[in-house]
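Notes follow once the structure below has been shown.
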Amino acid sequence: TGQGGLFIDPKDPKAIHTTAQYGKEALEFLRTAPDDRPVHLSISFTAPHARDGQPREFQPDARDEKLYEDVTIEMPEKAAPEYFKKLPKEARESEGRERWKARYATQEMAQRTVKDYLRLVTGIDREVGRIRKALEEEGLSTNTVIIFTSDNGFFYGERGLADKWLMYEESIRVPLIIYDPRLPKKRRGLTEKRFALNIDLAPTILDYAHALTPETMQGRSLVPMVNGEDVQQWRTDFFYEHHFGENRKPPIPATEGVRGERWKYVRWTSTEPMFEELFDLKADPGELKNLATDPQHKDELDRMRKRWEELRSEAER
């Protein structure tokens, strides 16, 4: 229960970490599942979500406290102050900046935050390994599809920010691994360049279950792509929006935009005056140069504005 919350019982220092508890419950499910019908297990680890308001926001399993102790984590280039100065005023005074102050304001704080975060991720890796081992022990490993993903990216201090919410690549990109042991070897270990979105996950799971996808779902099954089939008319861009938290203190600036294969258009809808960004991701994958005010890219800006209007209208239908 909860979104992050207390990863361990504060009243019992020997209590099991929530990540390990989730893994334990997943193993119980697999070992008691009926043998005569298919099963579906969905497990959503709350780590490494921050424990908002707690003195130690990213508290790892006690077994992992010593991990990375003797390592210095290299901080990202975009953590430098000049990138923060390029943000609109509303972003510089936002919730993301307040959280940065609590996590990355000094080198010592930044190292502690990132190491704790990685310790939590390591804890998840351990439980995923235990689940895979249980699949083998229960005779399910050759006929079980595993989908591994996350719900959002994360700022490690880039642009002087913490957390997520904004349309920069660090925030919107997530891992997605689909493992199907029934695939031929030539289809394994491949990286797909086309866009997959979180709205594709439900249609994909339904497809693997040989169930129909309701017409009301906006996503598409990724199964044909995984299988190497000729997939026609796949998306080449997508609409992005984030409006949660506009009225918080401090606020989270609202943004909308379009992420294409080469071009990205960002529209900060809660700034005054409205702030726009245009990035050429082929020439500038780090999103360092905003081309929205460059007269030489006016045609591209107009095209992306129009595409934003089209996709926004589709999303509202």
Side-chain angles (χ1 to χ4, degrees), residues 91 96 147-155 158-159 161 163-178 190-207 213-227 229-246 252-271 274-292 297 299-317:
I147 301 175
F148 182 92
T149 189
S150 182
D151 59 343
N152 55 263
F154 202 74
F155 289 117
E158 291 93 343
R159 303 178 194 274
L161 298 172
D163 257 86
K164 46 197 176 184
W165 305 310
L166 305 181
M167 200 179 164
Y168 297 117
E169 294 292 280
E170 295 89 355
S171 176
I172 67 172
R173 297 195 66 159
V174 298
L176 173 60
I177 300 171
I178 299 179
L190 302 179
T191 299
E192 175 58 56
K193 298 294 185 181
R194 287 171 287 188
F195 288 130
L197 303 179
N198 54 10
I199 57 174
D200 297 328
L201 293 177
T204 298
I205 293 170
L206 289 170
D207 197 354
T213 298
E215 293 183 2
T216 52
M217 286 188 176
Q218 294 174 308
R220 293 177 63 181
S221 171
L222 301 170
V223 174
M225 196 179 296
V226 173
N227 291 341
E229 300 173 19
D230 185 18
V231 180
Q232 300 295 321
Q233 297 181 322
W234 194 259
R235 68 174 70 90
T236 57
D237 58 17
F238 64 87
F239 174 71
Y240 173 90
E241 63 176 339
H242 189 283
H243 295 280
F244 172 80
E246 288 181 82
I252 299 170
T255 49
E256 295 183 7
V258 178
R259 170 54 156 98
E261 293 174 316
R262 175 175 178 179
W263 294 93
K264 176 190 279 189
Y265 170 66
V266 185
R267 189 180 183 97
W268 297 70
T269 59
S270 60
T271 57
M274 189 189 62
F275 186 73
E276 293 177 295
E277 290 177 302
L278 178 70
F279 297 110
D280 181 351
L281 298 175
K282 182 178 180 181
D284 178 27
E287 304 171 295
L288 303 179
K289 188 175 182 180
N290 180 14
L291 303 174
H297 292 88
D299 289 345
E300 193 61 49
L301 178 62
D302 289 341
R303 185 185 73 82
M304 293 298 285
R305 282 171 174 167
K306 181 179 179 182
R307 186 62 179 145
W308 163 75
E309 290 178 349
E310 293 171 348
L311 292 174
R312 194 177 196 275
S313 178
E314 286 181 15
E316 289 178 338
R317 288 202 293 266

### Query
Does CD in Q233 sit with more than 12 non-hydrogen atoms of other residues, nucleotides or ligands closer than 6.0 Å?
no
### Task
Would you mind reporting whether F275 and N290 have side-chain heavy atoms less than 4.5 Å apart?
yes
### Task
List the steps, then state whether side-chain contact (heavy atoms from CB on, under 4.5 Å) holds for H243 with E256.
CA-CA 8 Å; H243 295 280; E256 295 183 7; 2.8 Å; yes
### Query
Looking only at heavy atoms, which two atoms of M167 and T255 are closest? And how far apart?
N-OG1, 4.5 Å
### Message
I'd like to check R159 versus E287 (side-chain heavy atoms, cut-off strictly below 4.5 Å). Are they in contact?
### Response
yes
#### Entry: Basic-acidic side-chain contact under 4.0 Å: K306, E309
no
### Task
Measure the acute angle between the ring planes of Y168 and F155, then classify it against the limits of 30° and 60° as parallel, tilted or perpendicular.
perpendicular
### Query
Do L201 and L176 come close enough that some side-chain heavy atom pair is under 4.5 Å?
yes
### Query
Are any side-chain N or O atoms of S171 and backbone N or O atoms of W165, one a donor and one an acceptor, separated by less than 3.5 Å?
yes
### Message
Looking at F148, I'd like to know if its CZ atom is crowded, meaning that more than 12 non-hydrogen atoms belonging to other residues, nucleotides or ligands lie closer than 6.0 Å.
### Response
no
### Full working for side-chain contact (heavy atoms from CB on, under 4.5 Å) between V226 and L190
CA-CA 9 Å; V226 173; L190 302 179; over 6 Å; no
### Query
M217 and A202: which non-hydrogen atoms are nearest, and at how many Å?
CE-CB, 3.8 Å
### Distance-minimising heavy-atom pair for T204 and R220
OG1-O, 4.0 Å
### Task
Taking only Lys NZ, Arg NE, NH1 and NH2, and the carboxylate oxygens of Asp or Glu, determine whether K264 and E277 approach each other closer than 4.0 Å.
no
### Query
Taking all non-hydrogen atoms of both residues, which atom of S270 and which atom of E246 are closest, and how far apart?
CB-OE1, 3.8 Å
### Message
Using side-chain heavy atoms (C-beta onward) and a distance below 4.5 Å, is W263 in contact with D280?
### Response
yes
### Query
What heavy-atom pair brings W308 and V258 nearest, and what distance separates the two atoms?
CA-CG2, 3.4 Å
#### Entry: Side chain proximity check, L222 to E192, heavy atoms < 4.5 angstrom
no
### Message
Please check: side-chain N/O of D200 versus main-chain N/O of L197, any donor-acceptor pairing under 3.5 Å?
### Response
yes
